[in-house]
Novice: 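Below is one structure. I have some questions about it.
Counting convention: from 1, in listed order, for ligands and their atoms alike.
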Amino acid sequence: MHIIARRVAIRFGSPVLSSLCTSRLTGTRRLCTMAELSPEQVVFNKPKMWMTSEHFLFSWMKVELHVHLDGAIRVQTILDVAKRRGISLPTDTVEEMTQIIIVESPGTLTEFLGKFAEYMHVVAGDREAIKRIAYEFVEDKAKEGVIYVEVRYSPHFLANTKVDPIPWDQKEGDLSPDEVVRLVNEGLREGERAFNIKARSILCCMRHMPSWSMDVVQLCKKYCNEGVVAIDLAGDESLNCEANPEHRNAYEEAVRSGVHRTVHAGEVGPASVVKEAVEVLKAERVGHGYRTLEDQALYKDLLKKNMHFEVCPISSKLTGACDPDFTKHPVITFMKDKANYSLNTDDPLIFNSNLHLDYYTAHKYMGFTEEEFKRLNIKSAESCFLPEKEKKELILKLQEAYGMVQSTAF
Ligand SMILES: O=c1[nH]cnc2c1ncn2[C@H]1C[C@H](O)[C@@H](CO)O1
């Protein structure tokens, strides 16, 4: 870290405190959303650790590999769509709606997952909304200095036909999971053009809905040339530990047809879920994976295999996955062991967070240095699901930006 930055950090105390906003409604303090930060608090791709009186930022180019589209919607968009569709919500103000949606203190993964029901019925089944959230997502990531993102979602959760059961108490409509994928692809593609970053998607199977999983892998295959790069298994690991045979069949089909694979495992579930993800589901990356450390033999084996862990610091505290004391976080062990991992937001809407806050947390409470941030971003690029040629270009772009190689640009 630059000496000047360190001095500023010391002088101005905890940027986390100063990044809290006071709710006009309740008077309670909460983390600012990106939209609430002043322009000088958000910088794009500035080649240095960057600090104002308000904020610490690792403002170099970044890669994000684990973020849920339906956990990254703007609150304003939820309100706009509800108004247009005549859907009544408990409030029509961003502040009040934010308070309803967000998790402010550590709870359980099950409680956290319940939060999606506060707003998913608003956007599900609506073509315009789905395209809009994908487009706005890319804009938000570009503002955080992300140059490559893999965003994940369940196509079934956004559909209202050809899905059983129809989610979120929707009436049957005419938007299928297949069309959801097309709409998200379009929104991401338009966002890429407008904001000059690369965005790809990962389709999620849900642990409690094994009957959807074969559909998910078929959609991955169908749209592999239109931005879909992998399959995931998300949902409540604490209720449903061992992967159902239908998930296993879907992952076997993914292996057969060359679809990349990641699995939420070891977030709140035991290390055995990680082992199963890697050995049975043939996961190439592990979503979260914190509890891998409880099985040292497995951890050492995965270190040797260069397994990538998609770490989400703020998320891991608020879902109760990890000790709320960040100084005890498993990613500190990953860092010390020079493991292969990324830093990610997971669900910034529900955690009222952004990627800067995850980096800030790692810096402030876990001793992360600028060098480690650069290293983990290169590892993230190496572990992304882009085709080899594009992956190499991404790695080179980061290396050039980080001053590790001479720029080839002219
Ligand atoms: O952190 C998580 N763990 C497990 N499942 C999650 C997490 N964040 C979001 N999900 C679920 C809820 C979403 O609706 C779904 C697809 O994005 O994935």
Novice: State plainly whether the residues Arg182 and Glu226 are in salt-bridge range, i.e. N to O under 4.0 Å.
Specialist: no
Novice: Which ligand 1 atoms, with their elements, are less than 4.0 angstrom from a heavy-atom of Phe157?
Specialist: 14 (O)
Novice: Does Lys275 pair with Asp295 as a salt bridge, N-O distance under 4.0 Å?
Specialist: no
Novice: Take Trp168 and Phe116 through the test ring-ring contact (aromatic ring centres under 6.0 Å, His included) and record every step on the way to the result.
Specialist: CA-CA 9 Å; Trp168 318 115; Phe116 286 81; 7.4 Å; no
Novice: With the threshold set at 4.0 Å, does a side-chain nitrogen-carboxylate oxygen contact exist between Glu139 and Arg74?
Specialist: yes
Novice: Would you say the ring centroid of Tyr341 lies under 6.0 angstrom from that of Tyr290?
Specialist: no
Novice: Do other residues, nucleotides or ligands put more than 12 heavy atoms under 6.0 Å from Glu294 CD?
Specialist: yes
Novice: Considering only non-hydrogen protein atoms, determine which one is nearest to atom 3 (N) of ligand 1 and report residue, atom name and distance to 0.1 Å.
Specialist: Glu267 OE1, 2.8 Å
Novice: Could you tell me which atoms of ligand 1, counted from 1 in the order shown, lie closer than 4.0 angstrom to a heavy atom of Leu109?
Specialist: 3 (N)
Novice: Is there a heavy atom in Ser154 that sits closer than 4.0 Å to ligand 1?
Specialist: yes
Novice: For ligand 1, note which part of Asp346 has a heavy atom under 4.0 Å away: side chain, backbone, both or neither.
Specialist: side chain
Novice: Starting from atom 10 (N) of ligand 1, what is the nearest protein heavy atom, named by residue and atom, and what distance separates them?
Specialist: His68 CE1, 3.4 Å
Novice: Using a 3.5 Å cut-off on N or O atoms only, is Phe112 in polar contact with ligand 1?
Specialist: no
Novice: Less than 4.0 Å between a side-chain N and a carboxylate O, is that true for Arg256 and Glu253?
Specialist: yes
Novice: Counting non-hydrogen protein atoms only, what is the nearest one to atom 5 (N) of ligand 1? Give residue, atom name and distance.
Specialist: Gly235 N, 3.0 Å
Novice: So for Met206, does at least one of its heavy atoms come nearer than 4.0 angstrom to any atom of ligand 1?
Specialist: yes
Novice: Just heavy atoms, cut-off under 4.0 Å: does Leu69 contact ligand 1 by side chain, backbone, both, or neither?
Specialist: neither
Novice: Tell me the contacting part of Glu237 for ligand 1: side chain, backbone, both, or neither, using a 4.0 Å heavy-atom threshold, strictly below.
Specialist: neither
Novice: Taking 4.0 angstrom as the limit and counting only heavy atoms of Leu113, give me the atoms of ligand 1 inside it, by number and element.
Specialist: 5 (N), 6 (C), 10 (N), 11 (C), 12 (C)
Novice: Quick check on side-chain contact (heavy atoms from CB on, under 4.5 Å): which of Leu355, Asp346, Val151, Ile147 does Glu64 satisfy it with?
Specialist: Leu355
Novice: Taking both backbone and side-chain atoms of Asp347, is any N or O found less than 3.5 Å from an N or O belonging to ligand 1?
Specialist: yes
Novice: Polar contacts were defined as any N/O atom of the residue lying under 3.5 Å from an N/O atom of the ligand; does this apply to Asp70 and ligand 1?
Specialist: yes
